[in-house]
Amino acid sequence: MIALEGIVKRFGALTALDGVDLTVERGTVHAVVGENGAGKTTLMGVLGGIVAADAGTVSLDGEPVRIASVEDAYAHGIGMVHQHFRLFRRLTVAENVVMGREPRRRGGYDHAAAEALVDELGRAHGLRVDPRARVGELSVGDQQRVELLRALHRAADVLILDEPTAVLTPQEAEGLFGVMRELAGQGRTVLFISHKLREVLTVSDTVTVLRRGSVTGVRRASETDERELAGLMVGRAIESAYQAPDTPAGEPVLRLEALTARGLKPLDLEVSAGEIVGVAGVAGNGQTELAEAIAGLRPREGGTLTIAGRALSDATVAQRREAGLAHIPEDRYARGLAREATIAENLLMGTHRRRFRLDRRAMNARARELVEAFDVRAGDVGDRAATLSGGNAQKLVIARELAGEPAVVLACQPTRGVDIGAAEFVHAQLRAARDRGAGVLLISADLDELLALADRIVVLYEGALVGESRDEAELGLLMAGAHA
Amino acid sequence: MRDRGFAVGEALLAVAIALAVGALFVLIADDSPATAYEALWTSSVGSTNALAQSMTTAIPIIVVGLGMGLAFRVGLFNLGGEGQMILGALTTAVVGHALASLPGAITFVLAVVSGCLAGAAWAVLPALWEVFLRVPLVVTTLLLNYVGALLATYLAAYPLRDESGGSTLAQTAEIPSALQLPIIVPNTPLHAGLFAAVLAPLGVLWLLQRTSLGYAMRMTGLNRDFAETGGVPMKRTIVTTMALSGALCGLAGALLVMGQTYRYLDDSIVSPQTAWSGLAASMLAGFHPLFTFVSGFFLAALQTGGSGLQLATNVPLQLVNVIQAVIIAMVAVRLWLGRRVLRR
Ligand SMILES: Nc1ncnc2c1ncn2[C@@H]1O[C@H](COP(=O)(O)OP(=O)(O)O)[C@@H](O)[C@H]1O
Ligand SMILES: [Mg+2]
């Protein structure tokens, strides 16, 4: 049994951990969940020898221990896989795995033995990676396997995985869950950090919930549900059930007729005023291409596009926006905002063309209104957008796009990487846009999000729309390509 | 306001380190750094005459630096300031001479405008290549420097050569006196072009901060994908920016002709490295228009002081080159680091 008691950690004035108790049975998968900034990484750092706690004790199987460094942690069989990989990209898989614990022969590094060892280790745990491949050339999922192998090679009995699924595709995540269950079956202990409640419930035995540095609940996974956990995470009830619109959908406001672009098969799709149409699909099946084709960022190869009754097949981005299209891009830092520009400047984008003169006072005043109305937690509107946290950066994008009451909202992965509170806010805003008569096209990799928001859900598979459903099982099949 | 990662403090630090390195070189050469820097000071800003000389040298440096810096702010690496400046100088000289019979004011306006247009044309060409053919602008602007310089040399040596004075130099005929900028400090070379060097930075600042075109330009420089997604027409913005950038470089050439040489004089721009000093000034200023005025003057003073230094002490003129090189190296490294940080 691994027990942390009364752990306190302060960073200056901020109390990251405020007397946290955590008890983990050996041979189980134990999840630690909480919003961004709740203290999950810090808590695991205490166990992994990376963070020195200000107070509290750590004991392993009843024995108090002192873990002052990563080496101490390894000596006690505790290994950590970080949120951000710590691999040498130019070295091979085998070299990365054995680094620091190399097999030697005649005083030198033994390539063959290292490769055999990594092969063997991978076989034993279902973590197959080519030992000779260079890490920099591997997919993210494979790089994570290398991290896991490295921890296992150092004889870790206790594996800490810090948000391991954040970078994985659903299939890769499934694979990882298999590995985690298997490790637990062998008697090892897996500490799994996440804020995705669905996967937490599928893979773990026990869940500890952290909120602002304190434990707000410990539950057996079999005896709780997403709703309860989400409530514990944010400290209040979370509304996530689907809410049908009060009024039936109106006229079509976005229409694609056999529209094609590079990476897309001819697509037919209609979104009416007052409805949310969801686009489901495994990442990489044409979501980015579809969004760019609609937004005017990807040249059309055929077909037609109509926005709010206007034929805009080859229109510029500006013309489409003029016609009433709002675009919430999938990657807020790539397309959604300019980190080095001020908050006010970020909020101005798209509406700046109205006059030749730029009225800075009006710009700042409007920015203050939007920041207020959309609850963006920001210092001053003259601060750089880079100072905003992920959730607030997304609120900034939402504020800019929805402020003009657009006729069509193209929302791409609008809650990716933001915490529950911000996600809830984004969902409320999209529902509100629908209820005042906008047509919303919601492209998301998160099926839960689609089921909670969308009135209709279509599935994108290999660049084609392959079906429509609101049934979770059927959607899963369509997403996997099992259409007639 | 916080611009592209180069604060005033860092610029001053770069200058301080460069001066220290320079001092070290003087020590190695067995001389007194104090004496050397005193001579440098005296001969660059120590007297009205020296000050006026430094300011005169600074005028084209500031304006061409402003032009190149404007493109850099938008993420367009316009390395063609030299060619654009040469074309501007030549065109102003030729147009001014050709239209000498018109009323002075008209000649003046037409000569200046045509110099700007020539610089703009020389910059728009690579912009069009980048936009429509995807040929990297950083390469073509640089190559067009050589084309521009050779073209101007040929024109000044043959078809447009001044035959009147029997001079053996490759130069065009003198511009009419209506075009020659008046001296503003008697008995010094400082001419009325100073007003342009003061007003141009203010104009660029106004454009960038107070107009929607400038806003679109800045956002494009900070994150091109963001600007494009927001509806900024990318092709048009690139071409417009390069036109403005080239026009400023052309203006720098026009000011050189109207204030100092009174004709297009072959190699009056390439050898003194005016355009490259301008780029260095602009980088040192973090591409901020007003700071470019200060750093442009600083680099010009350094050059002016260099000649005096050689006369007064045993320290060779190269000390100035060492100082400049260290500054440029540090600024370049800082910008490169800044870009890496931004990309993360
Ligand atoms: N090294 C540090 N210095 C200062 N503050 C930190 C440091 N590490 C974490 N924090 C702060 O402690 C809090 C908890 O962070 P963290 O444990 O990373 O949260 P989580 O992993 O749950 O998202 C956050 O407010 C974070 O900003
Ligand atoms: Mg974390």
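So you know, we letter chains A, B, ... as the sequences are listed, proteins then strands, and number each from 1. This structure is a prediction, so every number in the text was calculated from the model and none was measured.
Taking a cutoff of 4.0 Å between a charged side-chain nitrogen and a carboxylate oxygen, A:E401 and A:R321 qualify as a salt bridge.
A pairwise comparison of heavy atoms in A:L325 and A:I294 identifies CD2-O, 3.8 Å as the closest pair. Contact detail for A:V135 and A:Q143: the closest heavy-atom pair is O-NE2, 3.4 Å.
Heavy-atom pairs under 4.5 Å with chain B were tallied for A:P329, A:G296, A:A334, A:A386; the largest tally goes to A:A334. The choice from A:R332, A:R357, A:E345, A:R320 that makes the most heavy-atom pairs within less than 4.5 Å of chain B is A:E345.
Contacts of A:H352 with chain B are made by both backbone and side-chain atoms, with heavy-atom separations under 4.5 Å. Both the backbone and the side chain of A:N346 come within contact range of chain B, with heavy atoms under 4.5 Å apart.
Judged purely by atom type and a 3.5 angstrom limit, A:T415 has no side-chain atom pairing as donor or acceptor with the backbone of A:A423.
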